[in-house]
Amino acid sequence: MERYDHKAAEPKWRAAWTKAGLFAAQAQADRPKYYVLEMFPYPSGRIHIGHVRNYVMGDVVARYKMARGFNVLHPMGWDAFGLPAENAAIERGIHPREWTYDNIAVMKEQLAPMGLSLDWSREFATCDPDYVGQQQAMFLDFMDKGLAYRRSAVVNWDPVDMTVLANEQVIDGKGWRSGAPVERRELEQWFFRITAYAEDLLDSIDGLDAWPDKVRLMQRNWIGKSRGIEIPFPLTAPAAGLDALICYSTRPDTLNGASFLAIAPDHPLSRTLEADDPALAAFNAECRRMDTTEEAFETAEKKGFDTGLTVRHPIHPERKLPVWVGNFVLMDYGSGAVFGCPAHDQRDLDFARKYGLPADNAFFLPGDATPVADEALVPPKTDPVVYIDHFAGLAEATSQEGIDATIDWMEARGLGEGQTKYRLRDWGVSRQRFWGCPIPVVHCETCGTVPEKKENLPIVLPEDIDTSQPGNPLDRHPTWRNCACPVCGGPALRETDTMDTFVDSSWYFARFTAPKAETPTDAAAAGYWMNVDQYIGGVEHAILHLLYSRFFARAMAECGHLTAANHEPFQALFTQGMVCHETYRHPDGRWLAPEDVSRTADGATARADGAAVEVGPSIKMSKSKKNVVAPEDIVERYGADTARWFIMSDSPPERDVEWTAAGAEAAYRFLQRVWRLFSEGLALPAFATPAPAAMGEPAEALRRAAHRAIRDVTADIESFAFNKAIARLYELAGAVAKLDAEAPDAAFARREALEIMARLASPFAPHFAEELWSALGGEGLLTGAAWPVADETLLAEAMIVLPVQVNGKRRAEIRVAPDADAASVEALALADEGVRKHLGDGAPRKVIVVPGRIVNVVV
RNA sequence: GCCCGGAUGGCGGAAUUGGUAGACGCAGCGGAUUCAAAAUCCGCCGAGUUAACGCUCUUGCGGGUUCGAGUCCCGCUCCGGGUACCA
């Protein structure tokens, strides 16, 4: 009895698949296609369990769809530009390209033994000159359509390293290398006009019915459509050339409670005043010493500076409101000025209490006219409130009605202008970094900022760079920057900003349909393969990557690279949970990998020097925190199928998992167990032997279990419940083992069950399934063979067990036919001894019979 | 801060979406096999109580709706993701 030998079987079957060309997709107009895609990896160095989980999920879907007769496209590539390559280059003195391509080679090699049904012929990296050139061509198209433009925007500036920092590089407001407090600095930067599609991106979410609701909700909230009004507040004395300050508000119904105005530190008025006011200048400087994240902005302590100026309340001109500069007002949002209504906004109330400003109610709750004290009154917008003053007529209106009525009222009197605004901002794509796709424009002294000629693309990054200093090496490169103006031919300077790496990942799915095309896409290939039928990736991409891709599809369609049918490029989306692990930090501040730490119940020490290691929370596996675990150990000891089986069985795909390898052994044991069921104890009949006409009941029971497995595993795969599908297969194996080998027709039933097992297990453990299939005498390759169909006649149950409750507590079980009528079920339930014991003397008040489910007797 | 999730035995999880809570797996315990071990096979396995049949409690916490709540509603706690320059 030899064991199943994965070391012999796995390479053999992978070679067979390759030889048969099963995964090299070709468009075939007469066949239905299925495009399954997992979010492609950043080549950080090594594949970790999180990657494996992602790609195996896609592989299960791809192999299942193949078995269902689809022409499947399942490509893979590399999201190859990014910050870690630059850091590695600085640390090791090598070119980011070298580091990146080395990593790709390593990771590809790690992926190879997993047996993924990938079409490697379509592979590319986003840093390949070809991809860079096509992306640059699209940038020029976007410029042409007004979808790419330049304006100034703020960045995190490290005043010591004299460089721009990513948000990740700012720790507690300080540069990660220099430790210097970061400053906000304005630079001219490139933007994509995603806001032009705000309404469409929002509306179209309704149609994404194969996306998770949570992602749709997050995207809706991110776009953040709101109806509000711009209200001018006249200055009592004009200042800085302004007669009035314009405030945008989504809660104009609180206008009667306005007690102050707050403007952004960078508001033109504030900027003018600070020139003559050192105290204000100091206040503003402090406000600008903050990193650019929304989180830092929102959680910072709210502070203000009284300018001494006043405005008149628009509907109560006798009221003068003070104008403050507030660190909680952002110039980018609305108009850079807001009115504060402390009674109905907690932030404003805190601010008012801190600086001694009044808090007057604009409305009360019905029957309760208590003025606000420590807590702002902000009832749900759908609850009725009682307005006072000029909105007193809206006695029991909801806040939403109050807002709408106020906008109309103000507009009718010329006191403001209703506006629909979006939270969504244009997409800043400029990065002051080397390792990215160069933005293909040229700055000429005579012609200004002009696009590069398409025939000069790709603009590739130089090989000879100096990474010894912080900042973008392109800025100080001796020759790369200098070029000829594409318009006048005179001397000019190349743009040194590169593109956000989210640009690279916003259209790779389209490029996979024709990776060698001489234009960004090929109409015929995109026409056949697009859209992605099933997209799979981490939930951490729920907003940015997915929203940018939706925008890109629209922009590409506008430029003729896709069509309107591709506006939503991802037909169905599945967001898998993240694979998490504890983090370990050495006392010297370095993050340590799990394999470099020895962990005990109450602490951890570094293997290298025995230092006590700080154990951090379990968070998503990432290169930067080093909390990654590689699949090699499991693959080496037990084979790829075991690794695949275990990682799919261990937890529901949408859930985060804490990685432990304790259960991998069970997956291996299972495969061996199934192999033994084939190889031991029973001579199995030939593959195509028909079912005996009348089978013995124990064998028939196994047949029913096998066909139920077909039904259940199929449904579980369709609904991404891979862990449940695998549980069904464990049950099927148990049923096979339970059937006595001496029972009549046992050999036939076992052979059929094992054939079904091989077919159902093949998406999860494809090498093993091939080996079993071939051992059973199956013809050709199992991969791509038709998916089994359950025999309906074997699915029906003769009798079912119904629980009987008395007053909601389970007291007995009765056996009934599945289609028994309610009256007979009720009679049977009431006759049951266990039930009668709990009924007492009286007759039941009520009997609830849910057919096929439950009986509840109420006394 | 704001937006979005999650919490079920010692552990990972299941529960047909309001109908038997704990499928399946891990760990553990007991037995068979073995000179012994590994491997394998069989059985037990939420807590309390009981000689036993049973009974009581139990799905992060506190309320509520319902014949019936892990599932729905209201209010919390803790953990995770995102927060526009990590990808």
Side-chain angles (χ1 to χ4, degrees), chain A residues 3 39 41-42 44 79 81-84 155-156 164-170 194 212-215 217-218 220-222 224 291-300 328 346-347 423-433 500-502 505 538-545 547-548 575 577-578 580 617-620 622-624 646 649-652 654-658 660 662-667 669-670 672-673 676 715 721 723-724 726-731 734 737 801-810 812-813 834 837 845-848 850 852-859:
Chain A
R3 290 155 73 85
M39 293 180 186
Y42 176 76
S44 57
D79 188 13
F81 279 128
L83 203 47
V155 293
N156 300 312
V164 176
L165 297 177
N167 287 335
E168 192 190 49
Q169 298 173 311
V170 179
I194 189 172
D213 286 341
K214 63 177 172 184
V215 175
L217 188 55
M218 279 189 265
R220 276 190 197 102
N221 291 340
W222 185 262
D291 68 73
T292 57
T293 64
E294 188 194 347
E295 185 191 4
F297 178 78
E298 290 287 341
T299 55
F328 54 89
Q346 193 59 43
R347 183 196 64 197
R423 208 185 76 95
L424 182 69
R425 310 198 298 259
D426 273 339
W427 175 10
V429 296
S430 278
R431 295 294 179 269
Q432 294 70 41
R433 278 192 248 297
D500 179 7
T501 58
F502 273 121
S505 55
V539 67
E540 68 271 26
H541 293 294
I543 296 174
L544 292 179
H545 162 61
L547 191 62
Y548 289 151
T575 52
M578 288 156 299
C580 300
S618 182
I619 55 173
K620 137 178 116 149
S622 79
K623 174 85 174 173
S624 63
F646 173 52
S649 69
D650 197 43
S651 59
E654 68 279 7
R655 194 113 120 202
D656 291 352
V657 290
E658 166 76 1
T660 62
E665 181 93 24
R669 278 205 304 263
F670 174 78
Q672 294 297 349
R673 186 180 190 212
R676 276 196 308 278
N723 56 324
K724 283 158 63 182
I726 284 178
R728 309 272 170 250
L729 294 175
Y730 276 109
E731 282 176 349
V801 174
L802 278 194
V804 183
Q805 297 181 329
V806 178
N807 287 337
K809 286 196 192 299
R810 194 184 74 88
E813 282 176 354
K837 208 165 74 181
R845 280 200 291 145
K846 194 164 150 192
V847 180
I848 294 151
V850 184
R853 276 270 184 282
I854 204 166
V855 181
N856 191 11
V857 182
V858 186
V859 289

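Below, read A as the first sequence line, B as the second, and so on, with proteins coming before strands; counting in each chain starts at 1.
Rounding to whole angstrom units, CD1 of residue A:Ile543 and C1' of B:rC2 are separated by 11 Å. Going from atom CZ of A:Arg423 over to atom C1' of B:rG82 covers 10 Å, rounded to whole Å. For A:Phe297 and B:rC3, the CZ to C1' distance is 17 Å, given to the nearest whole Å. Nucleotide B:rA87 holds its C1' atom 9 Å from the CD atom of A:Glu168, rounded to whole Å. Computed from coordinates, the A:Glu813 CD to B:rG19 C1' distance equals 14 Å when rounded to whole Å. The CD-P distance, from A:Gln346 to B:rC2, rounds to 10 Å in whole Å.
Distances shown here put every side-chain N or O of A:Ser622 at or beyond 4.0 Å from the OP1 or OP2 atom of B:rC86. OP1 or OP2 of B:rA14 has at least one side-chain nitrogen or oxygen of A:Asn723 nearer than 4.0 Å. Checking the phosphate oxygens (OP1, OP2) of B:rC57, a side-chain nitrogen or oxygen of A:Lys809 falls inside 4.0 Å. OP1 or OP2 of B:rA84 sits under 4.0 Å from a side-chain N or O of A:Asn167.
Nucleic acid contact for A:Trp427: none, since no nucleic acid atom lies under 4.0 Å from a heavy atom of the residue. At a threshold of 4.0 angstrom between heavy atoms, the contacts of A:Gly577 with the nucleic acid are absent. Within 4.0 Å of A:Val155, counting heavy atoms only, lies at least one base atom of the nucleic acid.
For a distance-only test at 3.5 Å, the side chain of A:Glu658 fails to qualify as a donor-acceptor partner of the base of B:rG12.
Comparing B:rG5 with B:rG54, their P atoms are spaced 43 Å from each other, to the whole Å. Across B:rC73 and B:rG81, the matching P atoms stand 26 Å from one another, rounded to whole Å. The P atoms of B:rG68 and B:rU50 are separated by 31 Å, rounded to the nearest whole Å. B:rG18 and B:rC72: their C1' atoms are spaced 8 Å apart (whole Å). B:rC41 sits 31 Å from B:rA47 when the C1' atoms are compared, rounded to a whole Å. Spacing of P atoms, B:rC29 relative to B:rA37, comes out at 15 Å, to the nearest Å. Comparing the C1' positions of B:rG70 and B:rA21 gives a spacing of 8 Å, expressed to the nearest Å.
When each of A:Tyr548 and A:Glu298 is assigned the nucleotide of RNA chain B with its nearest heavy atom, A:Glu298 is the one assigned upstream, toward the 5' end. Residue whose closest nucleotide on RNA chain B sits further toward the 5' end, between A:Arg810 and A:Asn807: A:Arg810.
The distance from atom CZ of A:Phe502 to atom NE2 of A:His545, rounded to the nearest 0.5 Å, is 8.0 Å.
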Sub-3.5 Å pairs of nitrogen or oxygen atoms, protein against nucleotides 4-9 of chain B:
from, atom 1, to, atom 2, distance (Å)
B:rA7, OP1, A:Arg655, NH1, 3.4

Between the protein and nucleotides 74-80 of chain B, which nitrogen or oxygen pairs are less than 3.5 angstrom apart?
from, atom 1, to, atom 2, distance (Å)
B:rG80, O2', A:Asp656, OD2, 3.2

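Of the residues A:Cys580, A:Ser651, A:Pro652, the one that meets the side chain to side chain contact (heavy atoms under 4.5 Å, CB included) test with A:Val657 is A:Ser651.
A salt bridge links A:Glu294 with A:Arg423: at least one charged nitrogen is closer than 4.0 Å to a carboxylate oxygen.
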Problem set entry | Where protein sits on nucleotides 24-34 of chain B, one letter per nucleotide: B base, S sugar-phosphate only, - none, heavy atoms under 4.0 Å | SSSS-------
Exercise. Where do A:Asn167 and A:Asn156 land on the side-chain hydrogen bond (donor to acceptor under 3.5 Å, both in side chains) test, with the steps shown first?
Worked result: CA-CA 7 Å; A:Asn167 287 335; A:Asn156 300 312; 2.8 Å; yes
